[in-house]
Structure formats: structure tokens, C-alpha cells
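Counting starts at 1 for both ligands and their atoms, in listed order.
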Amino acid sequence: MKFLYEGKAKIVYEVEGDKCLIHFKDTATAFDATKRANIEGKGVLNNTISSLLFQLLEEKGIRTHFIKKVSDREMLVWRARKYDLEVVVRNITAGSLCKRLGLKEGEKLKKPLVELFYKRDDLHDPLICTEHALFLGLAERREIREMLRMALEVNKLLKGFFRDHGLLLVDFKLEFGKLPDRTIGVIDEISPDTCRLWDAKTGEKLDKDRFRFDLGDLLEGYRKVLERVQGG
Ligand code: TMP
């Protein structure tokens with residue numbers, strides 16, 4: 001097993017050439033890691049929730065890097081060439097959308113809104129448009145089209161799944177990569193770190209906004225998400 005990369009929340013190792021092992025750490029960061037903490041047990045929850053959601057997407061025919069969950073903190077995935085893009089889908093106004101456009105939080109959008117961000121820490125991951133992504137050579141036009149199409153499809157599936165479990169999918173971020181078979185797949189993680197999830201009845205925030213804005217115990221929120229999606 002060869003060490004490849006350590007990020008803010010994960011460590012990635014290469015295994016068998018075309019696969020990777022993703023290790024979920026207990027670190028939480030926000031606002032370009034200017035706020036950080038170690039939260040014991042977060043990695044286990046994110047690996048468990050991510051694995052469950054990737055499996056759901058795979059079952060519904062969405063290509064992802066997921067192969068299997070191999071331990072509490074680790075998932076085995078296909079090695080992918082990542083695009084330096086973050087694709088955000090929004091169903092309800094929140095976060096940077098409200099800040100950027102002066103909107104009130106919690107307004108339901110008539111239809112999902114998809115945004116592209118350039119993955120560049122030193123530039124604070126700026127919002128970009130398709131033409132910028134093409135100009136920067138981040139992906140080809142047909143690849144961007146495919147990512148946007150897949151992101152909306154993932155939104156449809158996840159929104160319905162969470163709603164069936166009493167949760168509102170407010171927004172989420174996806175990353176994409178080129179898998180060994182050269183198809184585009186969803187990579188990275190899908191967890192309460194990367195999704196805003198609110199209790200459908202009470203509106204309680206159960207995601208990383210708890211940490212970002214000191215709204216309450218992060219693990220308690222993530223545990224509630226896990227209990228819900230496991231059918232509890
Ligand atoms: P935003 O409202 O801050 O742009 O976030 C939109 C969604 O993307 C939200 O569900 C949180 C997620 N997200 C990440 O996964 N990583 C990030 O670095 C940021 C800024 C947001």
C-alpha cells in the first residue's frame with residue numbers, strides 16, 4: 001500500500017495499481033481550514049454514511065468510484081483522475097448562495113440550481129461558469145455536460161431517499177473523476193460534511209453547519225443522519 005495524499009479530512013493510499021483506500025480522519029475544518037477541530041468518531045460516521053450513499057447511487061446506475069467499505073474508517077475505491085471542480089446542487093437557499101446574492105435562508109427553489117466551483121485552495125475555491133472551466137482546461141465541454149447531468153440525477157435520487165427518511169436535502173457538493181474504464185464517476189465522499197441536511201419536521205440542522213457556526217454537537221447531528229438513513 002502506497003501513501004498518495006493527505007487532505008483535510010482523509011488520507012488516500014494506492015492499492016493494486018488501479019484502486020485506492022480512503023481513510024476517513026476525525027478532523028473537522030471550515031472556512032479554508034481557519035477553523036479546525038478533532039472530533040473523535042467523525043471519520044467512522046462519514047465513512048459509514050458515504051459508503052451507504054455511494055452504494056445507493058451504484059444500485060441506481062450512477063457511476064461512482066466506490067467498490068466497498070472495508071473497515072470502520074476505510075473504503076476501497078477505483079483510482080480516478082480527478083477534475084479540479086466542485087459541483088454544487090441546491091434545492092433550498094443556504095450558505096454561500098444567500099451570502100453572494102443577498103437571499104434569505106430556507107427558501108425552496110423552483111428547480112434545482114447547479115453551480116461550478118474551481119478547486120483551488122489558494123483562491124478559496126471560486127464560483128466559476130462553464131466557459132471559465134473550459135478556458136482553464138479543467139474539463140472538456142462534453143465532460144462538463146455529463147457532470148452537470150449526473151449531478152442533477154444524483155440530486156433526484158438523494159433528495160427522494162432523504163425525504164423518505166425525514167430529512168431535507170438542502171444542498172450538496174460532488175466531485176468527479178475519470179475512472180480506470182475512462183467513464184466519469186462521482187468520487188470523494190458524500191456525507192454531512194458535504195451535504196446540508198435538515199430535519200424535515202423540526203428544521204434542525206444535522207450537518208457540518210453545526211461545526212461551522214457552533215450550532216450544537218456535530219456528532220449528535222451526524223449520528224441522527226446515520227440512524228435515519230439506516231431506517232431508524
Ligand atoms: P456553500 O453554500 O458554502 O457554497 O456550500 C454548498 C454545499 O457544498 C454545502 O452542502 C456544503 C458543501 N461544501 C463542501 O462540501 N466543501 C466546501 O469546501 C464548501 C465550501 C462547501
Practice problem: Mark the output for Asp193 as yes if a heavy-atom distance to ligand 1 is under 4.0 Å, and as no if none is. | Solution: yes
Quiz item: Taking the non-hydrogen atoms of Arg90, is any one of them nearer than 4.0 angstrom to ligand 1?
Solution: yes
Donor-acceptor pair, distance only, cut-off 3.5 Å: does the side chain of [X] make one with the backbone of [Y]?
X      : Y      : result
Ser191 : Ser50  : no
Arg196 : Asp209 : no
Lys35  : Phe211 : yes

Salt bridge flag under 4.0 Å for residues [X] and [Y]:
X      : Y      : answer
Asp181 : Arg63  : yes
Glu14  : Arg79  : yes
Glu105 : Lys205 : yes
Lys173 : Glu189 : no

Exercise. Just do the salt bridge (Lys or Arg N to Asp or Glu O under 4.0 Å) check on Arg149 and Glu146 with the steps written out, would you?
Key: CA-CA 5 Å; Arg149 187 194 66 75; Glu146 174 72 355; 3.2 Å; yes
Identify the protein heavy atom lying closest to [atom], giving its residue, its atom name and the separation to 0.1 Å.
atom                    : result
atom 17 (C) of ligand 1 : Glu86 OE1, 4.4 Å
atom 5 (O) of ligand 1  : Arg196 NH1, 3.5 Å
atom 9 (C) of ligand 1  : Asp171 OD1, 3.1 Å
atom 16 (N) of ligand 1 : Lys173 CE, 3.8 Å
atom 2 (O) of ligand 1  : Ser96 N, 2.8 Å

Quiz item: Are any non-hydrogen protein atoms located under 4.0 Å from atom 19 (C) of ligand 1?
Solution: no
Quiz item: Would you say atom 11 (C) of ligand 1 has a protein heavy atom nearer than 4.0 Å?
Solution: yes
In ligand 1, which numbered atoms sit nearer than 4.0 Å to a non-hydrogen atom of [X]?
X      : answer
Thr194 : 10 (O), 12 (C), 15 (O)
Phe172 : 10 (O)
Gly95  : 2 (O)

Exercise. Select one of side chain, backbone, both or neither to describe which atoms of Arg212 lie under 4.0 Å from any atom of ligand 1, heavy atoms only.
Key: side chain
Quiz item: Which of parallel (below 30°), tilted (30 to 60°) and perpendicular (above 60°) describes Phe54 and Phe66?
Solution: parallel
